[in-house]
Student: 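Quick one: the structure is below, and I'll ask about it shortly.
Owing to the predicted nature of the structure, the values given are computational and were not obtained by experimental measurement. Chain identifiers are assigned alphabetically (A, B, ...) following the order of the sequence lines, protein sequences preceding nucleic acid strands; residue numbering begins at 1 within each chain.
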2 protein chains.
Amino acid sequence: MALEIPEVVIDRLPIYVRALTVLERQGRDVVNSQELGGKLGVTPAQIRKDLSYFGRFGKQGRGYNVKRLLEELHQILGITREWSMVLVGVGQLGRAILGYGGFAPQGFRIVGAFDVDSAAVGERVDGLEVKSIDVLPEEMRQLRAQLGIVAVPAASAQQVIDMLVESGVKAILNYAPIAAHVPPDVRIKDIDPVLALQSMTFYIKESGAAP
Amino acid sequence: MALEIPEVVIDRLPIYVRALTVLERQGRDVVNSQELGGKLGVTPAQIRKDLSYFGRFGKQGRGYNVKRLLEELHQILGITREWSMVLVGVGQLGRAILGYGGFAPQGFRIVGAFDVDSAAVGERVDGLEVKSIDVLPEEMRQLRAQLGIVAVPAASAQQVIDMLVESGVKAILNYAPIAAHVPPDVRIKDIDPVLALQSMTFYIKESGAAP
DNA sequence: GCTACATTGTGCATGCGCGCGCAATCACAG
DNA sequence: CTGTGATTGCGCGCGCATGCACAATGTAGC
């Protein structure tokens, strides 16, 4: 036990959580790996293998108890508690992130907003007062957020990320179009819609039609 | 030749493009695989292997000509031309996408905006008239967009995706939190910040501190 | 023009994730 | 309490991506 769990496995768990949440809301009690896999485009064996890394949650002949499995996955992923996040960059993108309603229901709360540009500082956005990036370190001592969201231009992104890391942030959601460098104990995930588009055009570039 | 190229390789190419674009803007003429790999967190061998799928773009003893390699990658990915996209869902998220300035510089242009909710129909957002989802099929005959962006609630996402596919869209950027089903000849990429956060919390859940 | 050096391109081995296939196991019916 | 049917958990092999190591090759200096 306690063996190394592949990162791809961890990346799939939230997908399972999402599907199970829907099933729970529908009042379903049990689900088997085949049905769950069908919904997610994952093979049943894959799901069973993934879950077996953490324990035996299923019952032979029946499947998985939806509520039970959901609780286990929440425990595994560490999403039983609320997580505080700080946002850096309150431009157009940053404001959209602040207004996005998808975080709160999943227990992710933005508790601080910062900006490099002094023009935005002092403004109130979605109930949060925008503060200068300069006071980030001291503010972080009170906020104690372990998650950071970066929504600044590419040019200042690495610098901002360095500051977040120094302030104790352990995981970063990066919307800036750069490949950032972070210490090995800090997690970072990039969100860049342009990269997604550019990799898809490779596959469809032959299929005619004018722009 | 003409062998199957792994999807992971295709997914890395846009990252190379992004880094090379920065180098070109800095006036750099040549770059070797070691330096490029250092910037991107990729091993030099990985980069050389990836590029070797498509040809021999480097010069031994020197490295890669930045401009030349950039042109080749543009050609490979099919991003020499402009790509038209249609957006479905003009809520808070959809408006942010319409206003996002990161697409245009890379040749991705939103040419149509649609919504399920009739309240938004008729409104002008960022120079585009929002139209009803019902007229999507006929509008698409003129727009001829091959890319679609989905920014509707989870409940109606699959339905919207089906309509896009029927209207001839070949690749979809999906912001809705669902695992959508599409025919094998249609590409789809999901963007869900919540999934990214939930997989990162797994790794940092032990490191104390209150929410 | 020749030599020394640097870097690419690639055959090859390693490791790892994925999925098959089956035995173990549980529910349920009779 | 026993038999039947279904589904999990998992050992195992396959296939593929990754990275090493070296030969091939181009550059630059003298």
Student: Return the set of residues passing ring-ring contact (aromatic ring centres under 6.0 Å, His included) with B:Y203 (not counting sequence neighbours), or none when no residue passes.
Tutor: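 For B:Y203 there are no ring-ring contact (aromatic ring centres under 6.0 Å, His included) partners, ignoring immediate neighbours.
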Student: Let me know the distance between CG of B:N32 and C1' of D:dT27, rounded to the nearest Å.
Tutor: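 Interatomic distance, CG of B:N32 to C1' of D:dT27: 14 Å.
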Student: What residues, two or more places apart in sequence or in another chain, satisfy side chain to side chain contact (heavy atoms under 4.5 Å, CB included) together with A:A171?
Tutor: A:L147, A:R187, B:M200, B:I204
Student: Only counting residues at least two apart or in another chain, list the ones meeting side chain to side chain contact (heavy atoms under 4.5 Å, CB included) with A:P137.
Tutor: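 Checked A:P137 against side chain to side chain contact (heavy atoms under 4.5 Å, CB included); matches are A:M163, A:S167.
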Student: Can you list every side chain to side chain donor-acceptor pair (under 3.5 Å) pair that touches residues 34-45 of chain B, not counting sequence neighbours?
Tutor: B:R28-B:E35
Student: Expressed in angstrom and rounded to an integer, what is the separation of B:F57 atom CZ from C:dG9 atom P?
Tutor: 9 Å
Student: Rounded to whole Å, how long is the line connecting atom CZ of B:F54 with atom P of C:dT10?
Tutor: 13 Å
Student: Which of residues 14-22 of chain A sit near DNA chain C, with a heavy atom under 4.0 Å from it?
Tutor: none
Student: Just verifying a value: how many Å separate B:L51 CG and B:I76 CD1, rounded to the nearest 0.5 Å?
Tutor: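 Answer rounded to 0.5 Å: 7.5 Å.
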Student: Write down the distance between OH (B:Y64) and P (C:dA6), rounded to a whole number of angstrom.
Tutor: 18 Å
Student: How many whole angstroms separate atom CG of B:L51 from atom C1' of C:dT10?
Tutor: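 Whole-Å distance recorded here is 13 Å.
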Student: Output all residues satisfying side chain to side chain contact (heavy atoms under 4.5 Å, CB included) with B:V22, sequence neighbours left out; order by chain, then residue number.
Tutor: B:Q26
Student: Heavy atoms only: give me the nearest B:I110-B:L87 pair and the separation to one decimal.
Tutor: CG2-CB, 4.1 Å
Student: Nearest-Å distance, CG (B:L40) to C1' (D:dT18)?
Tutor: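 The distance from CG of B:L40 to C1' of D:dT18 comes to 17 Å, rounded to the nearest Å.
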Student: Classify every nucleotide of nucleotides 17-26 of chain C by which part a protein heavy atom approaches to under 4.0 Å, writing B for the base, S for the sugar-phosphate alone and - for neither, in 5'-to-3' order.
Tutor: SSBBB--BBB
Student: Atom CD1 of B:I47 to atom P of D:dA17: distance rounded to whole Å?
Tutor: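 Rounding to the nearest Å, CD1 of B:I47 and P of D:dA17 are 18 Å apart.
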Student: Distance check needed: D:dA17 C1' versus B:E4 CD, whole Å only.
Tutor: 14 Å
Student: B:F202: what forms a ring-ring contact (aromatic ring centres under 6.0 Å, His included) with it, not counting sequence neighbours?
Tutor: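 None.
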Student: Kindly write out the residues that satisfy ring-ring contact (aromatic ring centres under 6.0 Å, His included) with B:F103, not counting sequence neighbours, or none if the list is empty.
Tutor: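 Partners of B:F103 by the ring-ring contact (aromatic ring centres under 6.0 Å, His included) criterion, ordered by chain and then number, come out as B:Y100.
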